[in-house]
Amino acid sequence: MSRHYCITEEPISIEKTVSLVTRPEAGAVNTFIGTVREITQGKRTLYLEYQAYKSMAEKKLMEIGEEISEKWPEAETAIIHRTGRLEIEDIAVVIAVSTPHRADSYEASRYAIERIKEIVPIWKKEHWEDGEEWIGNQKETKAYAAGKPEEEDIS
Amino acid sequence: MSRHYCITEEPISIEKTVSLVTRPEAGAVNTFIGTVREITQGKRTLYLEYQAYKSMAEKKLMEIGEEISEKWPEAETAIIHRTGRLEIEDIAVVIAVSTPHRADSYEASRYAIERIKEIVPIWKKEHWEDGEEWIGNQKETKAYAAGKPEEEDIS
Amino acid sequence: MNKILFFAELQENVGKESIEIEAAGQSIKQLKEYIEQEYNLSKVHQSMTAINEEFAPNDETIKEHDTIAFIPPVSGG
Amino acid sequence: MNKILFFAELQENVGKESIEIEAAGQSIKQLKEYIEQEYNLSKVHQSMTAINEEFAPNDETIKEHDTIAFIPPVSGG
C-alpha cells in the first residue's frame, strides 16, 4: 500500500506527512490534524481507542485521494490515520494536500476529512471515568449507545 | 513578541508551530504551509528573497490572531513567517489554527492567509535566470515591474 | 467457506474478530438475519457490509471464498 | 528628527534602509512629495505609510520622533 495512504499504530509525524506532498510545482500545502479532544458533549474523555479494518481503510483512503485528483487535478494528497490507544492531544489523523494555489488546498483538504468520516472503516471508542462507548456516527453529529444506555446521560 | 507570531530567518518547524496551538479543548488543527513554487506565471523561479518590516509585521500577525479570536472565540492561532533567501520547496509561512470543531479551523486558517496578504509588511523578490523583481501585489493577482519593464514579458 | 469479520461494537458483542461459515449463495440480507439470530445481534442491520473490501448492498449474493465484513457507522478522523 | 524607513523596491531605489530628516509638522502626503523629488521615486505614492508601525492616511500630520515607513504593496505568504 502506498506510503501516502496509511493506517499505523505509530505516532504520526506531521513533518513527514507534509514532505510526502511537497514538490516544486506546489506553493501551498493545507494540512488537517485531528487530535484527541478532552471534552466532547460535556463528557470528559480519558483516552480513545481507534480500530480499523486496515486493508480496506487504506484502500478507501487511496480512493479519497483519487477522488481529490479528479476534482482538483493538480492536487497531491497524503492521509495517515493512527489506530490503537490515543491519549488527550494525541494526533489521530493527518491530512496533507499540496496544490499550486492555496484555495484548492483548503477545499481538497476539507473534502478529505469529510469523506474519511463517511467511507473509511475506522472506529473510535471513547473511554470516560464512568463508562465507554463505540462512537457510531459518520459525521460527528450523533452517537449511539454501546449497550449501556443507562449511563448515556451522565455527564 | 509572542512566540505565536514570529518573523524568523530560521527554517520553520511545522511540528513546533502546531504544538503552540494544540490543547485538550481542541480536536482540530488546520495548518497552511506556503512553500516556494518553482513556476509562477510561466516563469521559472531560481530562489526567493523575503524581506519584512519585522517589528510591525509581528504586530500585524498578532492583530490577525486577535481578529480571528473575535470571529472564532474558541480558536488559537500561531503564524510564523520566514525571511531571507529561500530555495524552491522551502517553507515561507506556517499558519496553525486549533479549534474544538473542524469547520472553524479551516475557515480561520483561510482568513489568516488572506489577511497576511493584505496587511502584513512582508515582501518577496523573485529571482529568475533573466532577472529579478519585487512582487508587489497583495492578493497574488498582479505584479508590478521593478524598473526593468523590458524584461517583464520574457517567460 | 467464507470469512466474516466483525469490528468495533459488533466485535465486542460477538466476542470474536471473525468467524468462518459457509455463506455462498446467500444474500447479505440473509447473512445478516443469520448473524442476528445466532449472536443476538440486531445491530448488524444498522451496519454497512463490505464484500472483499468493497461496500456491497443487502441484495448482493455471496460467492465462495468471499470475505464479508460488517461495517458499523464509521467514526474515524 | 524623524526616521524614514524604506523597504523592498523602494529601499533598492533609494539605496538605503533608512534616512533621518526633520519632518514634524508635515503631512504624509507632503513627505511623499519630498521623497519623490529628492530620490526621483514616484513609486512612493503607490505605497501605504506606517507611522510608528501603524498604517496612517496621507493627511496625517507627522510629529517629532515619529518613525515613518513606506510600505509598498505587500507580498508575504
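Only heavy atoms go into these numbers, but all of them, side chains included; no hydrogens, no water, no symmetry mates. In this text the structure is predicted, and so the values were computed from the model without any measurement.
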Item to check | Ser105(A) side, atom OG; Asn30(A) side, atom CG - distance, nearest 0.5 Å | outcome: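 If I round to the nearest 0.5 Å, the distance is 4.5 Å.
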
Next on the checklist: Using 0.5 Å steps for rounding, measure from the CD1 atom of Ile68(C) to the CD1 atom of Ile62(C).
Outcome noted: 4.0 Å

Item to check | Test applied, side-chain hydrogen bond (donor to acceptor under 3.5 Å, both in side chains); reference residue, Asn58(C); option that passes from Lys32(C), Lys29(C), His45(C) | outcome: Lys32(C)

Side chain, backbone, both or neither: which part of [X] has an atom under 4.5 Å from a heavy atom of chain C?
X        : result
Glu49(A) : neither
Tyr50(A) : side chain
Ala52(A) : backbone

Item to check | Region of Ser47(C) in contact with chain A, defined by heavy-atom distances below 4.5 Å | outcome: neither

Checklist entry - Which region of Asn52(C), side chain (C-beta onward) or backbone (N, CA, C, O), has a non-hydrogen atom less than 4.5 Å from a non-hydrogen atom of chain A, or is it both or neither? => result backbone

Item to check | Residue pair His81(A) / Cys6(A), side-chain heavy-atom distance below 4.5 Å | outcome: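 Counting from C-beta outward, His81(A) and Cys6(A) never come under 4.5 Å.
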
Checklist entry - Got a salt bridge between Glu53(C) and Lys59(A), using NZ or NE/NH1/NH2 to carboxylate O under 4.0 Å? => result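 Yes.
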
Next on the checklist: Tell me which of these, Lys125(A), Glu63(A), Arg82(A), has more heavy-atom pairs under 4.5 Å with chain C than the rest.
Outcome noted: Lys125(A)

